[in-house]
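Structure record follows, encoded as C-alpha cells.
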Amino acid sequence: MDVSFGVSTWVWLSPFKTESVALLPKIKEMGFDVVEIPVEDPTIIDGKRVKEALEKYDLKPVVCGAFGPSRDLTSKDPTDHQTCFDYLGALMDLCEIWETDFVAGPMYSAVGKTRMLSPEDRKAEWELAVQNLRKVAQKAGERGLELAIEPLNRFESDLVNTTEDVLRMTEDIGHPAAKIMVDGFHMSIEERSLEEAIKIAGDKLIHVQVSENYRGTPGTGQTDWESFRRGLEAINYQGYVNIESFTSDNQELADAVCIWKPFADDQDQLAREGLTFLEKTFK
C-alpha cells in the first residue's frame, strides 16, 4: 500500500506549544514521515514558527482537535457551539499555514459525554450535531479543506461509536467536505470486524490512527492487524497511518484518557517499535 507513517506528539507531551517543535528532529530520526499535532490551545502555537520546523525536518503535519465541554456542538448552550466554531476556525487557520488538507477528531460532541438518552432526545442531539457540522463543513469547503470525523468507543461518546455511525453522520451532513477517520483502538472495542468496518468507510476514509487494543505499542496486543490491512487494501487507502498513544506524565491528559500507567518501558520505545511493526504490516 502507498501509505505514510506518522506519530502523535501526545505520545510524549501535552499540550503542544511552539517550543514543542524540539520533538520534531527525534520524530524524523525515528523514520516517521508525518507528525500528528493535537492542538489543545491554538493561542500557544506560533503557526509560522512551527511551519519552519516542519519544513526543516521534512515532516508532513496532521491537525487534530481536542473537544472538551466548552467545545460541544451538541450542548444546550449556544455559546458552546460558537466556542467550538471559533476553535475549529483556528484549526483551519493552522491547516492553511501548514499546507495540510484536513482537520481531524471527534468534533461532533464533547469527549466523555456518555448518557442513556430517550430515542427522542438522542434524535434531537444527532440532528443538532449534524446541523452544526454542516456549517463547519461549509466553512472547510470554502477553504479547500475537509473534516476527518472520528468515531469514539462507548466509554468516551454516546453519539458516534462505529464507522457505520460516522458514515450515516457524513451522509446526513450532506457536504463533500465531511469525511471519515478511524482509530484502531476504538475499533477494537466497537467493531465486530476491522476489515468490514474499514470497507464501510470506503472512499470517505481520509485518515487512520492506530495503537494496540490496550493503547500500547502496535503489534504487542490483541488487535487483528491482518484484518486491518485487508480492509485498507480493499479500499485502496493511500493516506497516513499514525500512532496515537499517550503519556501518563501529564496529569490532565492522563485523567482525560484514563491513562494510569506507562504502556512501554519508555515512549521512544513505543514509537520506534510501533513504526517497525507498521512498516512490516502495511508495506
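In terms of modelled atom types and a separation under 3.5 Å, the side chain of D165 and the main chain of V160 share no donor-acceptor contact. Not one N or O on the side chain of T74 forms a donor-acceptor pair closer than 3.5 Å with the backbone of S109. Panel note: side chain E36, backbone I243; no donor-acceptor pair is recorded below 3.5 Å. With hydrogens and angles disregarded, a donor-acceptor distance shorter than 3.5 Å links the side chain of T100 to the backbone of P61. At distances below 3.5 Å, not a single donor-acceptor pair connects side-chain atoms of K60 with backbone N or O atoms of L54. A donor-acceptor contact shorter than 3.5 Å is absent between the side chain of D172 and the backbone of M169. Although no hydrogens or angles enter the test, the distance criterion places no donor-acceptor pair under 3.5 Å between the side chain of D2 and the main chain of Q238. Panel note: side chain E146, backbone A140; no donor-acceptor pair is recorded below 3.5 Å. Y87 places a side-chain N or O within 3.5 Å of a backbone atom of A66 that can act as its donor or acceptor partner.
Atom CD of E164 is surrounded by 12 or fewer heavy atoms from other residues, nucleotides or ligands within 6.0 Å. In the displayed structure, K56 atom NZ is contacted under 6.0 Å by at most 12 heavy atoms of other residues, nucleotides or ligands. When the shell of 6.0 Å around CZ of R192 is examined, it contains 12 or fewer heavy atoms from other residues, nucleotides or ligands. Residue K280 places its NZ atom among 12 or fewer non-hydrogen atoms of other residues, nucleotides or ligands, all under 6.0 Å distant. Taking a 6.0 Å sphere around CD of Q82, one finds it holds more than 12 heavy atoms contributed by other residues, nucleotides or ligands. Enclosure of atom NZ in K139 is not indicated, since only 12 or fewer non-hydrogen atoms of other residues, nucleotides or ligands lie within 6.0 angstrom.
Aromatic ring orientation, Y240 versus F102: tilted (interplanar angle from 30° to 60°).
The minimum heavy-atom distance between L275 and G31, with the atom names listed, is CD2-C, 3.6 Å. For the residue pair G141 and A177, the shortest heavy atom distance occurs at N-CB, 4.1 Å. Considering all non-hydrogen atoms of both residues, I45 and K17 come closest at CG1-CA, 4.1 Å. Taking every heavy atom of both residues into account, S211 and P218 meet most closely at CA-CG, 4.1 Å. Here the shortest heavy-atom pairing between A264 and T217 reads CB-OG1, 4.2 Å. The minimum heavy-atom distance linking T9 with P38 is given by the pair OG1-CD, 3.0 Å.
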* To do: Given side chain to side chain contact (heavy atoms under 4.5 Å, CB included), test V241 with F5 step by step and report yes or no.
  => CA-CA 5 Å; V241 177; F5 300 106; 3.9 Å; yes
* Determine, step by step, whether M1 and N236 satisfy the side chain to side chain contact (heavy atoms under 4.5 Å, CB included) criterion, reporting the C-alpha distance in whole Å, the side-chain angles of both residues, the deciding distance to 0.1 Å, and the verdict. => CA-CA 7 Å; M1 285 182 290; N236 193 29; over 6 Å; no
* To do: Take C64 and Q209 through the test side chain to side chain contact (heavy atoms under 4.5 Å, CB included) and record every step on the way to the result.
  => CA-CA 11 Å; C64 186; Q209 291 178 337; 4.1 Å; yes
* Would you please test S157 and Y108 for side chain to side chain contact (heavy atoms under 4.5 Å, CB included) and show each step? => CA-CA 10 Å; S157 174; Y108 40 82; 3.7 Å; yes
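Note on I206 and V63: separate hydrophobic clusters, where clusters join Ile, Leu, Val, Met, Phe, Trp and Tyr whose side-chain heavy atoms are under 4.5 Å apart, directly or indirectly. Cluster membership check: L278 shares its hydrophobic cluster with V182, using side-chain heavy-atom separations under 4.5 Å among Ile, Leu, Val, Met, Phe, Trp and Tyr. Using a 4.5 Å cut-off between side-chain heavy atoms of Ile, Leu, Val, Met, Phe, Trp and Tyr, with links allowed through other members, M92 and M181 fall into different hydrophobic clusters. Residues V62 and I180 do not share a hydrophobic cluster, clusters being chains of Ile/Leu/Val/Met/Phe/Trp/Tyr side chains in contact below 4.5 Å. Residues V166 and F228 share a single hydrophobic cluster, defined by chaining ILVMFWY side chains whose heavy atoms lie under 4.5 Å apart.
Here the side chains of V21 and F16 are in contact, with some heavy-atom distance below 4.5 Å. Inter-residue side-chain proximity for H186 and P151 is flagged as unmet; no heavy-atom pair is nearer than 4.5 Å. Counting heavy atoms from C-beta outward, L152 and P106 have side chains that approach closer than 4.5 Å. In this structure, the side chains of W225 and F282 come closer than 4.5 Å at one or more pairs of heavy atoms. Using a 4.5 Å heavy-atom threshold, the side chains of I198 and Y237 count as separate. Residues I149 and I173 meet the side-chain proximity criterion, which asks for heavy atoms closer than 4.5 Å. No side-chain heavy atom of H81 sits less than 4.5 Å from a side-chain heavy atom of Q131. Residues V50 and I37 have side chains in contact (heavy-atom distance under 4.5 Å, counting atoms from C-beta outward).
For the residue pair D80/S75, the side-chain donor-acceptor check at 3.5 Å is satisfied. The closest side-chain donor-acceptor pair between S14 and E40 falls under 3.5 angstrom. Between the side chains of T220 and Y214, a donor-acceptor pair is found at a separation under 3.5 Å. Counted by atom type alone, T223 and E212 present one or more donor-acceptor pairs between their side chains at under 3.5 Å.
To the nearest 0.5 Å, atom CD of residue E19 and atom CG of residue L13 are 11.0 Å apart. Distance check, rounded to the nearest 0.5 Å: NZ of K26 to CD of Q267 gives 9.0 Å. From L73, atom CG reaches atom CG of L159 across 10.5 Å, with rounding to the nearest 0.5 Å. From E156, atom CD reaches atom CG of N161 across 10.0 Å, with rounding to the nearest 0.5 Å. The CD atom of E171 sits 6.5 Å away from the NZ atom of K204 when rounded to the nearest 0.5 Å. Here the straight-line distance linking atom OG of S245 with atom CG of L270 works out to 5.0 Å at 0.5 Å rounding.
Taking 4.0 Å as the cut-off between side-chain N and carboxylate O, R272 and E29 count as a salt-bridged pair. Ion pairing between a basic and an acidic side chain is recognised when a charged N comes within 4.0 Å of a carboxylate O; E244 and R215 show such pairing. For the pair E127 and K123, the salt-bridge criterion is met [side-chain N within less than 4.0 Å of a carboxylate O]. Using a 4.0 Å cut-off between charged side-chain N and carboxylate O, K199 and E196 make a salt bridge.
Only one option out of K48, R143, K51 pairs with E96 in a salt bridge (Lys or Arg N to Asp or Glu O under 4.0 Å); it is R143.
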